[in-house]
Amino acid sequence: MFTCTGCALLCDDIEAIVENNRIKETRNTCRRGSARMKGAMFRLVPSIDQKPADFESSIKKAAEILRNSTSPMLFGLDNSTCEAQVKGIQLAKKINAIMDDTSSFCQGLLIEKILQKKLRTCSLDDIRNKADVLVYWGSDAQDSQPRHLSRFSYFPRGESRQRGYEEDRLAIAIDVRESNTAKICKGHFYRIPLKGDREFILALMEALSGKAPAYDTKNMLGLASILKKAEFGAIFVGIGLTYSIKNDFEILTELADMLPKFNIMPMVGHYNMRGFNEALFKETGFVNRVKFEGKAVHENKYAIIEALKNKSIDALVVVGSDPVLSLPRSVIAHLPSIPVVCIDPCQTFTSKIAAVNIPCAASGVESAGSAVRMDGKVIGLKKIIENNYLTDEDILKRLMEAV
Amino acid sequence: MGIDIGKFLKNPEFEILITTYRDIFQVEALERDRFGEDYKKLSAVITMSKNDMQKMGFKSGDRVKLSNNYGSVVVEVKESKKNEPGGLAFMINSPWSNILISGETDGKGIPEFKHITAKISLSKEEITPVTEITFHK
Ligand code: SF4
């Protein structure tokens, strides 16, 4: 059995059929996982200034860029093993770099609250065994973590939920659109206006405290009564909710306080984003947006978005991430004017503008290690294919020796 | 030779509110080949309710230009298969939606990825090639 790195569910029941040293077929994966494990069509090749170079020269050039930089940033590592993340943090410390990852504009704040124990949480295994009321809030797990409902939440049998979805479990979706997850939550889909989450939470809290809220009174009272009756509930918080309530996690904490039987689960996309947050939190007390300068300083200006907008970095090392694909065009405009070092198994939009490209092994397929599932459980990754690619951990180590 | 008046008539423009979402088929295409036709076909699309399409005079398969202060992009318009009440259109998160995202964050580091306002109008231009959005040649 192997582990899929397609998303932060890290499904560890995967079988792989290998032919000519490539994964030909996978079993038990979802579509996303299958595509992920088979690997991208275009491998990254070592290059300098977009011209093919040998591996050693690329490392040397990357080190030179970092030596000449007065304000470097190390970004990414959400698609890397925990072992590589530790190396990345060591490198950032050594060169006094700014360090940030995708969680900075994704689920970082929520994970921080969970690591600070400000929100009650539980394991996915608890959910499978005990949960009777499941709330997908701003989260379309069916498309983003496609086996979430079948492995852990709605469909499976559990210790105290022998009859699964037919009798023992109820799923609710709260979303601005009728997602594929909402479709499964038949009769329990609450459509809210864009950015209407805050108002919805306030109304729900009124209903929970026995008042009749002005907002959608009948539905709200119905929902409150379902939630109150829950024996073991879970709220799966997707980025829909996170973006909508922005920095106001207090309101979610207040709601959670009124629902003592419920646990909060951050719906994480990248397979080891939580691992990155945990590793940096352990080292610095912060989950992202850190600058090392003797000690670790945390400020919003160290968020990749702000650093690019303010043009405050003069070199960027990207590991296993594609900011040119994922960031607003208005923000990435600064990128082509600074040297970018890209470490990735495959070609990305970022690698196409990078000054130096260094290919690495695809973790969980070409190299082993460990990663942290969305609920905080550490899952092992195995190596399926033998080849000569170095891991990103090794490359970061080499860079550290060379700077 | 007659003057082609149509050339000077601008297609009517409408205000539109857009949110972004994820789609498993598009993510699958991304994993396989983010430079390929499949990824573009699945990404460069805006989905609208039947009502809104009728109001604006669009048919599924038409090309539309979306523009705001941050950029403009040409994508295909499709009618939603779901029973959407209207007033909100949908794009899958991709470089094509990212072109319309504001960089304004109040210094907090999180752009409004799920809240876009733009103008929409029919367009004869080709779907915006990804290279135009992502700087690569
Ligand atoms: S749900 Fe996530 S981890 Fe599981 S097979 Fe699909 S992509 Fe892989």
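Quick caveat: nothing in here was measured; it's all calculated off a predicted structure. Each chain gets a letter, A, B and so on, in the order the sequences are listed, and its residues count up from 1.
When Leu335(A), Val176(A), Thr350(A), Leu327(A) are compared by the number of non-hydrogen pairs under 4.5 Å with chain B, Leu327(A) comes out ahead. Considering only heavy-atom pairs separated by less than 4.5 Å from chain B, the leading option among Gln142(A), Lys246(A), Gln50(A) is Lys246(A). Chosen from Leu308(A), Leu109(A), Asp322(A), Ile304(A), the residue pairing most often with chain B at heavy-atom distances under 4.5 Å is Asp322(A). Of the listed residues (Ile239(A), Val331(A), Asp100(A)), the one with the most heavy-atom contacts under 4.5 Å to chain B is Ile239(A). Ranked by heavy-atom pairs under 4.5 Å with chain B, the first of Asp140(A), Ile332(A), Asn180(A) is Ile332(A).
Taking the six-membered ring for Trp and the full ring otherwise, the centers of His270(A) and Phe276(A) sit at least 6.0 Å from each other. Taking the six-membered ring wherever Trp is involved, the centroid distance between the rings of Tyr190(A) and Trp137(A) does not fall below 6.0 Å.
Checking side-chain atoms of Asn93(B) against main-chain N and O of Tyr21(B) turns up no donor-acceptor pair under 3.5 Å. Remark: the backbone N or O of Ser312(A) is not paired with any side-chain donor or acceptor of Asn310(A) at under 3.5 angstrom. A donor-acceptor contact shorter than 3.5 Å is absent between the side chain of Asp175(A) and the backbone of Glu178(A). Here the side chain of Asp52(B) pairs a donor or acceptor atom with the backbone of Gly87(B) at under 3.5 angstrom. No donor-acceptor distance shorter than 3.5 angstrom exists from the side chain of Gln107(A) to the backbone of Pro266(A), with no hydrogens or angles considered. Checking side-chain atoms of Arg32(B) against main-chain N and O of Met41(A) turns up no donor-acceptor pair under 3.5 Å. Asp78(A) places no side-chain N or O within donor-acceptor distance of the main-chain N or O of Asn272(A), the cut-off being under 3.5 Å. The backbone N or O of Ala89(B) sits nowhere less than 3.5 Å from a side-chain atom of Arg177(A) that would complete a donor-acceptor pair. A side-chain donor-acceptor contact under 3.5 Å links Thr181(A) to the backbone of Ala141(A).
Residue contact with chain B, scored on non-hydrogen atoms closer than 4.5 Å, involves the backbone and the side chain of Thr348(A) alike. The contact between Val324(A) and chain B is made by backbone and side chain atoms together, counting heavy-atom distances below 4.5 Å. Residue Tyr243(A) touches chain B through its side chain alone, counting heavy-atom pairs closer than 4.5 Å. If you measure heavy-atom distances from Lys38(A) to chain B, you find no contacts under 4.5 Å at all. For chain B, the nearby parts of Ala35(A) are the backbone and the side chain; heavy atoms of each come within less than 4.5 Å. Heavy-atom distances place the side chain of Lys183(A), and not its backbone, under 4.5 Å from chain B.
Heavy atoms only, all atoms of each residue included: Ala182(A) and Phe189(A) are closest at CB-CD1, 3.7 Å. What you find for Gly6(A) and Cys4(A) is that their closest heavy atoms are N-SG, 3.2 Å. Nearest heavy atoms, Phe200(A) versus Ile174(A): CE2-CD1, 3.7 Å. Of all the heavy atoms in Ala362(A) and Pro345(A), the pair that sits closest is CA-CG, 3.9 Å. Taking all atoms of both residues into account, the shortest heavy-atom contact from Glu13(B) to Ser121(B) is CG-CB, 3.9 Å.
Side-chain contact between Glu112(A) and Asn277(A): absent, with no pair of heavy atoms (C-beta onward) separated by less than 4.5 Å. No side-chain heavy atom of Val27(B) sits less than 4.5 Å from a side-chain heavy atom of Asp143(A). In this structure, the side chains of Tyr39(B) and Leu325(A) come closer than 4.5 Å at one or more pairs of heavy atoms. Considering only heavy atoms from C-beta on, Val318(A) comes within 4.5 Å of Pro323(A) through its side chain.
Remark: of the listed residues Arg31(A), Arg32(A), Arg36(A), Arg31(A) is the sole one forming a salt bridge (Lys or Arg N to Asp or Glu O under 4.0 Å) with Glu28(B).
Heavy-atom proximity under 4.5 angstrom to chain A picks out nothing from residues 41-49 of chain B. Residues from residues 63-81 of chain B never place a non-hydrogen atom less than 4.5 Å from a non-hydrogen atom of chain A. For residues 122-130 of chain B, heavy-atom neighbours of chain A at less than 4.5 Å comprise Val130(B), sorted by residue number. For residues 99-120 of chain B, heavy-atom neighbours of chain A at less than 4.5 Å comprise Ile99(B), Ile101(B), Ser102(B), Gly103(B), Glu104(B), Thr105(B), Gly107(B), Lys108(B), Gly109(B), Ile110(B), Pro111(B), Glu112(B), Phe113(B), Lys114(B), His115(B), sorted by residue number.
Salt bridge annotation for Glu132(B)-Arg329(A): absent, with no cationic side-chain nitrogen under 4.0 angstrom from a carboxylate oxygen.
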